[in-house]
Amino acid sequence: SDITARAIADRSRAQVHVISNNLINPAKLGMELDKLTPGKWTHVLGVKPTGWTHSRGVSADDSLRSVSVVTRGQVSVLEVPYSEHSSYSEMARFVKFLQIKSDKDIIDTVSRRSQDSQRTRETFKKWIADSRNVSRTASRFQ
């Protein structure tokens with residue numbers, strides 16, 4: 001698949017490291033940074049899916065507006081309202097929020113059959129196009 005073609009065995013050459021969710025906190029990310037090639041990296045960013053925590057008690061759009069990066073020294077953590085159990089509308093808002101430019105930048109981890117994968121790909125393209133249209137419209141009013 002697409003993602004396995006990008007994987008490399010030499011951790012020191014990787015630009016993206018996928019680690020266990022329980023390691024995504026400032027202290028443990030700092031230890032992960034220390035394990036890397038000295039001098040090659042000066043900062044680490046952990047992206048932590050938070051499930052539903054951002055949406056409790058606020059609207060979904062307000063939830064996305066409140067997303068921020070917390071930085072302590074050489075470590076930053078971005079908590080994003082995402083869950084493998086996110087609804088269709090939550091996933092659509094998340095893709096639009098990230099301002100993804102291409103459906104190839106989204107990895108479908110759900111579809112098993114090629115026809116499902118193609119349908120999902122078309123959905124990703126629609127979300128990206130919708131996001132561009134919203135951005136163009138919003139820029140006219142600024």
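In this chain, residues are counted from 1 in sequence order. Side-chain atoms are counted along with the backbone in the values below, which use heavy atoms only and exclude waters and symmetry mates. Since the structure is predicted, the reported quantities are computational estimates derived from the model, not experimental observations.
Note that the CD atom of Gln99 and the CZ atom of Arg132 stand 11.0 Å from one another [nearest 0.5 Å]. Between the CD1 atom of Ile128 and the CD1 atom of Ile100 there is a distance of 6.0 Å, given to the nearest 0.5 Å.
In Gln15, the CD atom is not crowded: 12 or fewer heavy atoms of neighbouring residues, nucleotides or ligands sit closer than 6.0 Å.
Applying the side-chain contact (heavy atoms from CB on, under 4.5 Å) rule to Ser89 yields the partners Ser87, Arg93; only residues at least two apart in sequence or on another chain are considered. For Val69, the side-chain contact (heavy atoms from CB on, under 4.5 Å) partners two or more places apart in sequence, or in a different chain, are Leu45, Thr71, Ser76, Leu78. Taking the salt bridge (Lys or Arg N to Asp or Glu O under 4.0 Å) definition, one finds that Arg13 meets it with nothing, sequence neighbours left out. For Arg119, the side chain to side chain donor-acceptor pair (under 3.5 Å) test picks out Asp116, with sequence neighbours left out. Applying the salt bridge (Lys or Arg N to Asp or Glu O under 4.0 Å) rule to Lys125 yields the partners Glu122; only residues at least two apart in sequence or on another chain are considered. With sequence neighbours excluded, no residue forms a salt bridge (Lys or Arg N to Asp or Glu O under 4.0 Å) with Asp105. Considering only residues two or more places apart in sequence or on other chains, Lys126 meets the salt bridge (Lys or Arg N to Asp or Glu O under 4.0 Å) condition with Asp130.
For residues 35-49, the set of pairs meeting the salt bridge (Lys or Arg N to Asp or Glu O under 4.0 Å) definition, not counting sequence neighbours, comprises Glu32-Lys35. Applying the ring-ring contact (aromatic ring centres under 6.0 Å, His included) test to every pair with at least one member in residues 108-133, sequence neighbours left out, gives these pairs: Tyr88-Trp127, Phe124-Trp127. Among residues at least two apart or in separate chains, there is no ring-ring contact (aromatic ring centres under 6.0 Å, His included) pair with a member in residues 8-29.
Residue Val75 belongs to a hydrophobic cluster whose other members are Ile19, Leu23, Ile24, Leu29, Leu33, Leu36, Trp41, Val44, Val77, with links defined by side-chain heavy atoms closer than 4.5 Å. Membership of an apolar cluster is not assigned to Ile8, as no side-chain contact below 4.5 Å to another ILVMFWY residue is traced.
When all heavy atoms are compared, the tightest approach of Lys96 to Ser131 is O-OG, 3.4 Å.
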